[in-house]
Engineer: 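So that we are looking at the same thing, I have put the structure below in structure tokens.
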Amino acid sequence: MKRRKFIVNSSLVAAGTLVSPQNILAFEQVKFISKRPIKSERNFTSIAVEDIIKKVMAVIKDDELAWMFENCFPNTLDTTIDFEIIDGKPDTFVITGDIDAMWLRDSTAQVWPYMPLILKDEKLKLLVKGLINRQVKCVLLDPYANAFYKDKTKISHWKSDKTQMLPGIHERKWEIDSLCYVIRLANEYYQITNDASIFDEDWDTAMRLIVKTFKTEQRKNNESEYVFSRETTSVIDSPPFEGTGRPIKPIGLICSMFRPSDDSTMYPFLIPSNIFAVASLQQLSFIYSNVLNKKEFALVCEEMASEVNKAIKKYAVSEHLQFGEIYAYEIDGFGNKLFMDDANVPSLMSLAYLGAHKSTSDLYQNTRNFLLSDNNPYFLKGKYAEGQASPHTGKNKIWPMGIILRAMTSTNENEILNCIKMLKETHAGTGFMHESFNKDNPEDYSRDWFAWANTLFGELILKIYNEKRHLLLLKY
């Protein structure tokens with residue numbers, strides 16, 4: 001039997017060993033004790049979230065799976081939220097977990113599973129509205145930065161990076177998706193609430209700055225002044241050529257010096273992030289046309305979305321000998337292409353989850369089949385699991401996030417069940433998701449406290465509860 005740890009009467013014991021003097025406690029009777037902070041120590045509490053936790057747990061028949069859901073789903077609210085009213089407006093700062101900083105990407109993703117509940121809980125609605133306001137402040141401070149501090153006097157661990165490090169910036173890695181997530185959150189909030197009050201003057205200024213940054217990073221006339229260099233021994237921690245990245249041929253796509261993993265790109269045209277940008281620009285165009293009645297800027301957004309989309313179709317799709325037409329992960333415009341995927345979001349796998357691509361299209365399915373094959377250098381198979389990895393954590397570590405996204409984008413129940421089993425087998429007895437784990441030893445993992453991965457796992461279980469509830473009636 002594979003060794004897994006369970007919590008019994010607040011003590012860690014190995015499954016299958018003596019757990020009482022009489023040795024009568026059966027495997028199925030192991031009691032899982034919640035690992036949530038006690039109520040008085042939780043950063044934020046939502047009535048709607050607590051209610052859904054109870055409803056879902058009442059359905060889940062597998063005790064360990066229910067325990068994992070209870071720990072993970074509210075983890076963002078329990079441990080990462082700093083909410084207050086500043087200058088009469090709600091303000092929500094969301095740290096990523098074991099790093100005391102807020103990523104634009106992570107913060108949106110961390111609250112995303114709670115979005116369907118905001119009409120049931122005014123307090124939760126204010127939290128999301130506050131995060132929109134905080135993200136606007138971040139963009140206005142520096143649209144190229146990916147992570148921020150609330151306390152502008154705090155000195156960044158990366159203060160020696162050779163780039164423009166303004167007060168309040170934790171890290172300044174230019175990633176297209178950071179700005180896409182800002183748009184994604186505001187658009188979803190409006191679609192759910194019909195509350196246009198978020199679209200104030202500051203928001204408008206920030207959105208125009210986002211589009212300006214996208215245009216600049218098309219680098220049609222080599223106009224970008226962005227550079228980033230770090231003194232490091234890691235080749236993926238800084239772009240080459242004195243922090244300017246590898247050469248590109250301007251073809252209408254947007255350059256991204258870093259991936260969602262915060263690793264530097266090999267080729268600057270990162271395709272899943274460009275596809276994400278198309279969806280984000282289309283959302284902006286809708287808001288400016290139909291809500292704000294600012295047709296001129298709406299047209300700017302729509303035209304840019306169309307330009308980027310055409311370039312993706314022309315340059316980012318290739319014929320694979322085994323899988324047919326698939327997306328490349330990165331390209332440079334000269335014809336060089338990288339075929340792989342990274343377990344972070346956006347990834348090629350996650351395009352259907354993001355709503356940026358139809359899951360039924362042949363192009364997406366072909367790409368997905370490639371990603372789940374031995375032809376993808378970052379699809380790993382080990383003793384405990386198989387799944388997408390990331391150069392960020394080396395050659396041997398699978399990301400739970402990749403397994404979760406595989407399940408989220410699947411319509412095959414057997415595939416979904418297998419993903420859940422793998423997640424159960426690899427949390428190393430902690431009851432939480434991690435950044436990554438060794439494919440042959442789940443107890444060799446990175447990041448004890450990664451709120452995005454925890455909440456994403458909760459989102460998966462909630463999706464199954466809403467769409468395939470019978471799968472939760474099984475023992476895994």
Side-chain angles (χ1 to χ4, degrees), residues 43 75-76 78-82 91-110 131 134-135 137-179 181-182 213 225-245 256-265 270 273 342-345 390-394 397 399 401 432-437 444-455:
N43 287 22
N75 188 245
T76 288
D78 286 351
T79 65
T80 70
I81 302 296
D82 181 357
D91 184 284
T92 308
F93 193 85
V94 185
I95 65 171
T96 184
D98 48 20
I99 304 173
D100 189 23
M102 184 179 101
W103 269 252
L104 294 177
R105 169 183 55 255
D106 293 35
S107 60
T108 291
Q110 284 168 245
L131 180 55
R134 170 55 61 172
Q135 290 183 344
K137 292 177 183 178
C138 294
V139 172
L140 293 178
L141 175 62
D142 186 352
Y144 284 98
N146 57 321
F148 300 82
Y149 293 124
K150 185 173 184 178
D151 180 2
K152 290 189 176 183
T153 67
K154 189 167 184 176
I155 305 299
S156 173
H157 175 75
W158 307 115
K159 63 181 179 179
S160 62
D161 288 348
K162 297 176 182 177
T163 190
Q164 179 181 271
M165 290 290 287
L166 298 173
I169 292 176
H170 168 71
E171 195 171 46
R172 193 176 189 252
K173 290 183 171 179
W174 161 236
E175 302 162 0
I176 296 171
D177 70 282
S178 291
L179 300 184
Y181 273 106
V182 174
T213 304
E225 297 180 356
Y226 176 80
V227 295
F228 181 99
S229 289
R230 174 173 292 172
E231 295 181 6
T232 176
T233 59
S234 173
V235 70
I236 59 177
D237 221 10
S238 190
F241 299 105
E242 298 180 333
T244 62
S256 188
M257 290 299 99
F258 291 89
R259 300 167 179 165
S261 60
D262 298 336
D263 293 344
S264 61
T265 49
L270 179 57
S273 290
D342 192 299
N344 277 268
V345 184
S390 169
H392 191 72
T393 48
K397 287 189 173 178
W399 281 49
M401 188 178 292
F432 292 103
M433 297 294 102
H434 304 116
E435 178 186 54
S436 67
F437 61 87
D444 174 18
Y445 62 81
S446 60
R447 298 193 66 176
D448 282 303
W449 179 19
F450 186 21
W452 178 11
N454 289 329
T455 315

Engineer: How many angstroms lie between atom CG of N146 and atom CD1 of I169, to the nearest 0.5 angstrom?
Structural biologist: 9.0 Å

Engineer: Please report the C-alpha distance between F228 and Y144 in whole Å, then the side-chain angles of each, then the deciding distance to 0.1 Å, and finally whether the ring-ring contact (aromatic ring centres under 6.0 Å, His included) criterion is met.
Structural biologist: CA-CA 10 Å; F228 181 99; Y144 284 98; over 10 Å; no

Engineer: What are the two closest non-hydrogen atoms of S446 and E435, and how far apart are they?
Structural biologist: OG-OE1, 2.7 Å

Engineer: Go through the structure and list residues passing salt bridge (charged side-chain N to carboxylate O under 4.0 Å, His left out) with D78, not counting sequence neighbours.
Structural biologist: R36

Engineer: Report yes if some heavy atom in the side chain of M102 is under 4.5 Å from a heavy atom in the side chain of D82; otherwise report no.
Structural biologist: no

Engineer: Any side-chain heavy atom of P260 sitting closer than 4.5 Å to one from V345?
Structural biologist: no

Engineer: Where do S390 and D263 come nearest, in terms of heavy atoms and distance?
Structural biologist: OG-OD2, 4.1 Å

Engineer: Restricting to non-hydrogen atoms, name the atom on T80 and the atom on A451 that form the minimum distance, rounded to 0.1 Å.
Structural biologist: CG2-CB, 3.7 Å

Engineer: Less than 4.5 Å apart, side chain to side chain, heavy atoms only: is that true for Y181 and D106?
Structural biologist: no

Engineer: Applying salt bridge (charged side-chain N to carboxylate O under 4.0 Å, His left out), can you list everything that pairs with K137, at least two apart in sequence or on another chain?
Structural biologist: D91

Engineer: With sequence neighbours left out, write down each residue that passes side chain to side chain donor-acceptor pair (under 3.5 Å) with T244, or none if nothing qualifies.
Structural biologist: none

Engineer: Are the side chains of W174 and T163 in touch, meaning some heavy atoms are under 4.5 Å apart?
Structural biologist: no

Engineer: Applying side chain to side chain contact (heavy atoms under 4.5 Å, CB included), can you list everything that pairs with T455, at least two apart in sequence or on another chain?
Structural biologist: T76, P113, Y114

Engineer: For F148 versus L104, what's the shortest heavy-atom pair and its separation?
Structural biologist: CE1-CG, 3.8 Å

Engineer: Residues two or more places apart in sequence or in another chain: which of them pass side chain to side chain donor-acceptor pair (under 3.5 Å) with T233?
Structural biologist: none

Engineer: Does Y445 have any ring pair (Phe, Tyr, Trp, His ring centres under 6.0 Å) partners at least two apart in sequence or in another chain, and if so, which?
Structural biologist: H434

Engineer: Any chance you could measure K159, atom NZ, to S156, atom OG, to the nearest 0.5 Å?
Structural biologist: 9.0 Å

Engineer: Only counting residues at least two apart or in another chain, list the ones meeting side chain to side chain contact (heavy atoms under 4.5 Å, CB included) with T265.
Structural biologist: R259, L270, E330

Engineer: Just jot down the side chain to side chain contact (heavy atoms under 4.5 Å, CB included) partners of E242, sequence neighbours excluded, or say none.
Structural biologist: none

Engineer: Is the backbone of A101 close enough, under 3.5 Å, to the side chain of H170 for a donor and an acceptor to pair up by distance?
Structural biologist: no

Engineer: I need the R230 CZ to W158 CH2 distance, nearest 0.5 Å.
Structural biologist: 4.0 Å

Engineer: If I compare all heavy atoms of I99 with all of T96, which pair ends up nearest, and what's the gap?
Structural biologist: O-CG2, 3.2 Å

Engineer: I'd like to know if D237 and K173 make a salt bridge, using a cut-off of under 4.0 Å between side-chain N and carboxylate O.
Structural biologist: yes

Engineer: Nearest 0.5 Å please: distance from the CZ atom of F93 over to the OH atom of Y149.
Structural biologist: 9.0 Å

Engineer: Measure from the side-chain N and O atoms of S229 to the backbone N and O of K162, and report whether any donor-acceptor pair falls under 3.5 Å.
Structural biologist: no

Engineer: Which residues pass the side chain to side chain donor-acceptor pair (under 3.5 Å) test with S264, sequence neighbours left out?
Structural biologist: none

Engineer: Could you work out, with side chain to side chain donor-acceptor pair (under 3.5 Å) as the rule, every residue matching T108, not counting sequence neighbours?
Structural biologist: Q135

Engineer: Which residues satisfy the salt bridge (charged side-chain N to carboxylate O under 4.0 Å, His left out) test with K397, sequence neighbours excluded?
Structural biologist: D444

Engineer: Inspect the contact between R172 and D161 and indicate whether a charged nitrogen and a carboxylate oxygen are less than 4.0 angstrom apart.
Structural biologist: no

Engineer: Looking at N454 and M433, would you say the former's side chain and the latter's main chain have a donor-acceptor pair under 3.5 Å?
Structural biologist: yes

Engineer: Suppose we screen for salt bridge (charged side-chain N to carboxylate O under 4.0 Å, His left out). Which residues come up paired with R105, at least two apart in sequence or across chains?
Structural biologist: E175, D177, D262

Engineer: Which atom names give the shortest non-hydrogen contact between D142 and Q164, and what distance separates them?
Structural biologist: OD2-O, 3.9 Å

Engineer: Measure the OG-CZ distance between S178 and F258 for me, rounded to the nearest 0.5 Å.
Structural biologist: 11.0 Å

Engineer: Could you give the distance from CH2 (W103) to SG (C138), rounded to the nearest 0.5 Å?
Structural biologist: 12.0 Å

Engineer: So W449 and I95, do their side chains get closer than 4.5 Å, heavy atoms only?
Structural biologist: yes

